[in-house]
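First comes the structure, then the notes that go with it.
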Amino acid sequence: MTERLGGEFRGLDERLAVIQARIAAVERPFEHDVEVIPVTKGFAGNAIEAAVDAGCRTVGENYAQDLLSKADLIQRLGVAVQFIGHLQSNKVRQLVDIVSLWCTIDRRSILDEVAKRAPGARVLIQVNATGESQKGGCHPAEVAALVDQAGAAGLVIEGLMTIGPTGQPPAAARRPFEIVRALVDEHELDICSMGMSGDIEMAVECGSTQVRVGSALFGPRPVSAI
Ligand SMILES: *Cc1c(COP(=O)(O)O)cnc(C)c1O
């Protein structure tokens with residue numbers, strides 16, 4: 001296609017097609033589409049350019065500084081950004097002009113900060129359904145209260161986001177993914193963001209509406225950005 005796809009991320013469009021084929025091959029009792037969100041964290045701006053050239057309109061980013069350094073490019077490309085990293089209150093203000101979906105709302109303080117700095121913003125509530133202490137996300141039992149609080153604060157709650165268990169086979173993600181899908185249904189939300197390079201099929205089978213894919217598209221991340 002363009003010269004950019006001949007560079008470091010040569011073949012990205014084929015790798016994207018492979019992932020879409022993997023998704024299409026999953027047997028599932030759902031009719032919704034599953035979107036692939038390329039995760040460009042830790043890579044230079046050319047990963048975002050390659051994703052756009054491959055037809056993607058949205059990317060996922062984790063690190064505030066890293067994202068801010070790509071702000072001009074993002075604006076020029078007109079690509080939407082989902083913030084999927086751990087969110088610190090003091091970073092929200094700097095990110096409001098770049099982020100179009102805040103995916104890691106997991107506590108009252110961050111919810112209030114986003115509502116204050118970005119009134120009416122679109123958010124996902126992050127759920128920790130594995131119980132791993134190193135993971136962000138609220139307890140499944142806290143989702144209802146956060147949904148109420150986000151609504152009262154004027155935020156638009158699009159859905160829920162979760163991360164499968166770390167260092168486990170994909171089968172171990174089934175139960176956590178089922179828990180999150182059930183909560184999406186209970187609250188009649190649209191987006192169920194779950195599944196990464198290692199557990200795409202399991203997430204789709206359990207009802208994911210968007211998978212966040214980094215290494216399976218772009219290769220290993222620079223060590224500074226795992
Ligand atoms: C890094 C990251 C991803 C992508 O991970 P891969 O295993 O490289 O596909 C997805 N979601 C979140 C929240 C991440 O931090």
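Keep in mind the model is a prediction, meaning the values are calculated, not measured. Each ligand, and each atom within it, is numbered from 1 in the order the structure gives. Just so you know, residue 1 is the first one in the sequence shown, and it goes up from there.
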Atoms of ligand 1 close to [X] [distance to a heavy atom under 4.0 angstrom, numbered from 1]:
X: Arg212; answer: 4 (C), 9 (O), 10 (C), 11 (N), 12 (C), 13 (C)
X: Ile163; answer: 13 (C)
X: Gly214; answer: 4 (C), 6 (P), 8 (O), 9 (O)
X: Val213; answer: 9 (O)
X: Ser197; answer: 6 (P), 7 (O), 8 (O), 9 (O)
X: Asn62; answer: 14 (C), 15 (O)

Worksheet item: Any side-chain heavy-atom pair from Phe30 and Arg181 closer than 4.5 angstrom?
Response: yes
Worksheet item: Do Val39 and ligand 1 have an N or O pair less than 3.5 Å apart?
Response: no
Worksheet entry | Any side-chain donor near an acceptor of the partner, Lys135 and Thr162, under 3.5 Å | no
Worksheet entry | Donor on one side chain, acceptor on other, Ser215 and Arg221, under 3.5 Å | no
Using modelled atom types and a 3.5 Å cut-off, is there a donor and acceptor pairing between side-chain atoms of [X] and backbone atoms of [Y]?
X: His139; Y: Ala141; value: yes
X: Thr40; Y: Ile48; value: no
X: Arg174; Y: Cys206; value: no

